[in-house]
Amino acid sequence: MSPLVSTLHLYDIANVRGVAEDLSHCNTPSQVLGFHGSEELANSLKGADVVVIPAGIPRKPGMTRDDLFSTNANIVKSLVEAVADNARDAFIHIISNPLNSTVPIAAEVLKQKGVYDPKKLFGITTLDVVRANTFVALKKNLRLIDVDVPVVGGHDGITILPLLSKTRPSVSFTDEEVEELTARIQNAGTMVVEAKAGAGSATLSMAYAGARFVESSLRALDGDGDVYECAYIQSELTELPFFASRVKLGRKGVEAVISADLQGVTEYEVKALEALKPELKASIDKGVVSPQNGG
Ligand code: LMR
């Protein structure tokens, strides 16, 4: 649908030709091509400006995102190796869970290949922002289009930290509202997994959120100087090597990290930030030293 997409390459190990044929009938300006099986992976990536990786298996009820590690870590590793070999300058959007670990895995792979540019590697946390905006607008009876809640940290459980005190437009919450909204945003993915009862996790809201981040990336690549999104990136904002925060996007990827969001936060948010750090650090370490990365 985006006029900024000139060519859309779809890669999968199954069923991709039908999806590509289907999508290619839309009378939009983009050319859609399908690539099937590992022997077509390299060609699917050549010339790409943005590569989106949502591959891997989803959760079933009762599973944590980390339970996906053993399967999805290998899938992300081999896809990122192919990106390093065939689209070294592309923005890489990682969606595959457990995101807190798969982004560090991707960074290690890119380092080993000698092509790591931390400004171009993004863990997509846009769905947390989308959910926070929706739930806050509903709770406070605000116009959805006006609401923007920065969400920092990571993408799992308590590592998802919505900074409700930084909601725009400025709005006040009772302590009970903060606790309820924070828990709802942190558990939203699990709610979908449970409601789908074994048929997977969020796909439609994730596609919506993923499309928003791709559109923002394409606008930035196109020279728009006013593009801001939250993303999980290599970061110096805290002592953790990877951390999600609001960033300014430019032609070369992350142009600036918006540190102001972490200043002047509430006592509740300060405590929640400290509480998430050991958990996020453990997930990052797991990605960095995973057997897939030779650790
Ligand atoms: C989500 O937040 O919906 C995704 O991370 C998928 C999941 O397993 O919850």
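For ligands, and for the atoms within them, numbers begin at 1 and follow the listed sequence.
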For ligand 1, which atoms have a heavy atom of Gly189 less than 4.0 angstrom away?
1 (C), 2 (O), 3 (O), 9 (O)
For ligand 1, find out whether one of its N or O atoms is nearer than 3.5 Å to an N or O atom of Thr190.
no
CZ (Phe135) and CG (Leu181) are apart, to the nearest 0.5 Å, by 9.0 Å
Numbering the atoms of ligand 1 from 1, which are under 4.0 Å from a heavy atom of His155?
1 (C), 2 (O), 4 (C), 5 (O)
Donor-acceptor contact below 3.5 Å, side chain Glu229 vs main chain Thr126
no
Numbering the atoms of ligand 1 from 1, which are under 4.0 Å from a heavy atom of Asn97?
4 (C), 5 (O), 6 (C), 7 (C), 8 (O)
Got more than 12 heavy atoms from elsewhere within 6.0 Å of NZ, Lys196?
yes
Taking only heavy atoms of Ser201 into account, list the atoms of ligand 1 that are under 4.0 Å away from them.
6 (C), 7 (C), 8 (O)
of all protein heavy atoms, closest to atom 8 (O) of ligand 1 is Arg59 NE, 2.7 Å
Could you tell me, atom by atom, which parts of ligand 1 come under 4.0 Å of a heavy atom of Ala202?
3 (O)
Is the closest heavy-atom distance from Leu127 to ligand 1 below 4.0 Å?
yes
Are Ile105 and Leu121 co-members of a hydrophobic cluster defined by side-chain heavy atoms under 4.5 Å apart?
yes
Against ligand 1, does Met63 come closer than 4.0 Å with any heavy atom?
no
Record the part of Gln186 in heavy-atom contact with ligand 1 below 4.0 Å; permitted values are side chain, backbone, both and neither.
neither
For Arg251 and Leu221, work out which heavy atoms get closest and say how close.
NH1-O, 3.2 Å
Roughly how far, to the nearest 0.5 Å, is CD of Glu215 from OG of Ser2?
3.5 Å
Would you check if the distance from the ring center of Phe122 to the ring center of Tyr232 is below 6.0 Å?
no
If you draw a 6.0 Å radius around CZ in Arg219, do more than 12 non-hydrogen atoms from other residues or ligands fall strictly inside?
yes
Hey, looking at atom 1 (C) of ligand 1, which of Lys196, Met206, Arg131 has the closest heavy atom?
Arg131
